[in-house]
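Notes for the one structure printed next.
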Amino acid sequence: MEAIAEETNSRTLSELENYFSNYGDLPREVILKHDLLRVGHWFTDAALELASQALVKSYRLFSYDLMAMKDMKRKEHRKIPEWFTIRRGMYGLRPVSIQTTLDSNSPYVIDVVDGQPKLLLNGKEICEVYFPKPMKYYTRKFDDGTAYHEIIAFGYFVTVFRNCQYWGPDEECRFCDININARQMKESKDFTFDAPVKPVKYMVEVARSIEQDATEEVGFTPPMDFLITGGTILKTLHGKNELDFYSEYVSALKWGGRRRFVNLQSNAQDKETMKHYRAAGVDCHHSNMEVWEKRLFEWINPGKNRRVGWDGWVRSMIDEVDIFGEGNVRPNFVGGVEMAKPYGFETVAEAVKSTSDGVDFMMSHGIIPRFNQWRREPGSNLGSQWDQPPIPLEYYLQLMGNYYNSWKKYNLPMPRRECVHPERRIGSGHGTYDDILLLNELPDYEEAWDRGFNEGLKGCVTRQ
């Protein structure tokens, strides 16, 4: 009988190698990355000391941790990096970035060996680890003490509304801890900006600073991506409806500098509303559906279901392709939430088939979905109301294999990669949806990553 879920966070080296063998058509980097996101990872004191000099984790939207901030006795939330990169080691891994997901009970631990961070599995060294280099603007602050990087994280991510107006179990998406995360950030007193809405003028200034740094480094203004996101606005916020509120930020960011490509995460909307977003300056839209299966969409996203509904959401995503173009519609899905207790799929086969069918349907329409791995945050409705064991690794591996095959079948474009942080120009931190495409298809994958890591942004956008 197929296992429903692994009951513990245990993992042995031989088990990992069995996955490498059984899924030989997948890059080993994809397999290890999914396991690291699935059960989290931990830092020794020595690793935490080195990591504290890197690009600090922003907690920009969700916590992405398997433990609460109050249980981080060493103030890990202000020392850990936004992501880390695994490379080389006993399996000759290519560099892949992994969003930091803390769990003190994880079998995966980052330690320092001979001065170099390494990834250990139950005490056995697997590979090298690299922490992201800080960016110049991370040292800057406004006169009121607000750190620039708490307005825009890693030169890309702008959470303009830190809460969501879907409140409580009858409205909030059940996997989501956006409101809880904002609360724990405020209670920690370790962040310089805790207001729910970020001032437009702050965003404009930080974006200007980021662009100036990039221009000075490269010698000209390179293309740069930004993403604007935030919670749902049901009625009004600061006197504006959702369209007007987010459009103000989009226009200020898009037209406030040169060569800017603006992504927006917001609800699915009718075609006319999307045209307004396009006119405001949106280049790529992410109407995050979260889960494909209709009955699970209705359960997991009660507010979205009541406001838009499954049919309306799918219709909207298809219409968006006419407005933003093929490859510029990238809805997010919370990979693994299909198997959440108590109403999710009971077997890997059912979950994979449902979501893979959805992926194929979307890609046939020019939509390229993203799959951030479900972190089972303890503050979410799903994490606090039911025991949620780790989702079987098989689910993620089979889904990503099918994802890659559908992408190839429909001859879709490669993902855009223009983040100003050079290490983010190769791959993604939340899942392997872009990694698997780049690892399999980009001929100079490692060379491109090396240019960014060793030469900075200039190495990414110019060829000597």
Q | Straight-line distance of Trp42 CH2 to Leu66 CG, nearest 0.5 Å | A |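 So the gap between those two atoms works out to 11.0 Å.
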Is it true that the side chains of [X] and [Y] contain a donor and an acceptor less than 3.5 Å apart?
X      : Y      : result
Thr146 : Thr192 : no
His41  : Thr101 : no
Asp144 : Tyr202 : yes
Ser406 : Asp360 : yes
Glu82  : Ser58  : yes
Tyr23  : Gln398 : yes
Ser356 : Asn402 : yes
Gln269 : Glu242 : yes
Asn263 : His285 : no
Ser63  : Asn181 : no

(Q) So which atom in Tyr59 and which in Arg162 form the shortest heavy-atom distance, rounded to 0.1 Å? (A)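 Minimum heavy-atom contact is O-NH2, 3.7 Å.
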Q: Would you name the heavy atoms of Phe154 and Val420 that are closest together and state the gap between them?
A: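 Closest pair (atom of Phe154, atom of Val420, distance): O-CG2, 4.5 Å.
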Run the salt-bridge test on [X] and [Y] with the 4.0 Å N-O cut-off and return the result as yes or no.
X      : Y      : answer
Asp311 : Arg315 : no
Arg38  : Asp103 : no
Arg375 : Asp65  : no
Asp225 : Arg424 : no
Arg208 : Glu205 : yes
Glu211 : Arg260 : yes
Lys254 : Asp283 : yes
Glu128 : Lys118 : no
Glu446 : Arg87  : yes

Q | Crowding at NZ, Lys271 (>12 non-hydrogen neighbours, <6.0 Å) | A |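 Enclosed.
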Q. For Lys133, does the NZ atom sit with more than 12 other heavy atoms under 6.0 Å from it, leaving out its own atoms?
A.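 Enclosed.
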Is there side-chain contact between [X] and [Y], with at least one heavy-atom pair below 4.5 Å?
X      : Y      : result
Met274 : Asp270 : no
Ser247 : Tyr277 : yes
Leu55  : Phe131 : no

Q) Name the one of Arg416, Met224, Glu418 that satisfies side chain to side chain contact (heavy atoms under 4.5 Å, CB included) with Phe261? A)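 With Phe261 as partner, Arg416, Met224, Glu418 yield a single side chain to side chain contact (heavy atoms under 4.5 Å, CB included), made by Arg416.
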**Q.** Candidates His430, Lys57, Glu423 - the one meeting side chain to side chain contact (heavy atoms under 4.5 Å, CB included) with Trp83
**A.**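 That would be Glu423.
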Q | Glu76/Lys79 under salt bridge (Lys or Arg N to Asp or Glu O under 4.0 Å): CA gap, chis, key distance, verdict | A | CA-CA 5 Å; Glu76 285 89 347; Lys79 299 177 182 177; over 6 Å; no
If only atom types and distance count, is the side chain of [X] paired as donor or acceptor with the main-chain N or O of [Y] below 3.5 Å?
X      : Y      : value
Ser209 : Tyr137 : no
Thr159 : Arg60  : yes
Tyr138 : Ala147 : no
Ser106 : Gly40  : yes
Ser188 : Asp190 : yes
Asn454 : Asp450 : yes
Asn301 : Met289 : yes
Lys198 : Glu150 : yes
Lys304 : Asn288 : yes

Q. Between Arg370 and Asp434, does a salt bridge (Lys or Arg N to Asp or Glu O under 4.0 Å) hold up when you go through it step by step?
A. CA-CA 8 Å; Arg370 301 177 295 116; Asp434 285 350; over 6 Å; no
**Q.** Phe453 and Tyr130 aromatic ring geometry - parallel, tilted or perpendicular at 30°/60° bounds
**A.**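 Perpendicular.
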Q: Determine the interplanar angle of the Phe62 and Tyr64 rings, folded into 0 to 90°, and report it as parallel if under 30°, tilted if 30 to 60°, perpendicular if over 60°.
A: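 Phe62 vs Tyr64 ring planes: perpendicular.
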Q. Which one of Trp292, Phe333, Tyr433 satisfies the ring-ring contact (aromatic ring centres under 6.0 Å, His included) criterion with Phe371?
A.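 Result for ring-ring contact (aromatic ring centres under 6.0 Å, His included) with Phe371: Phe333.
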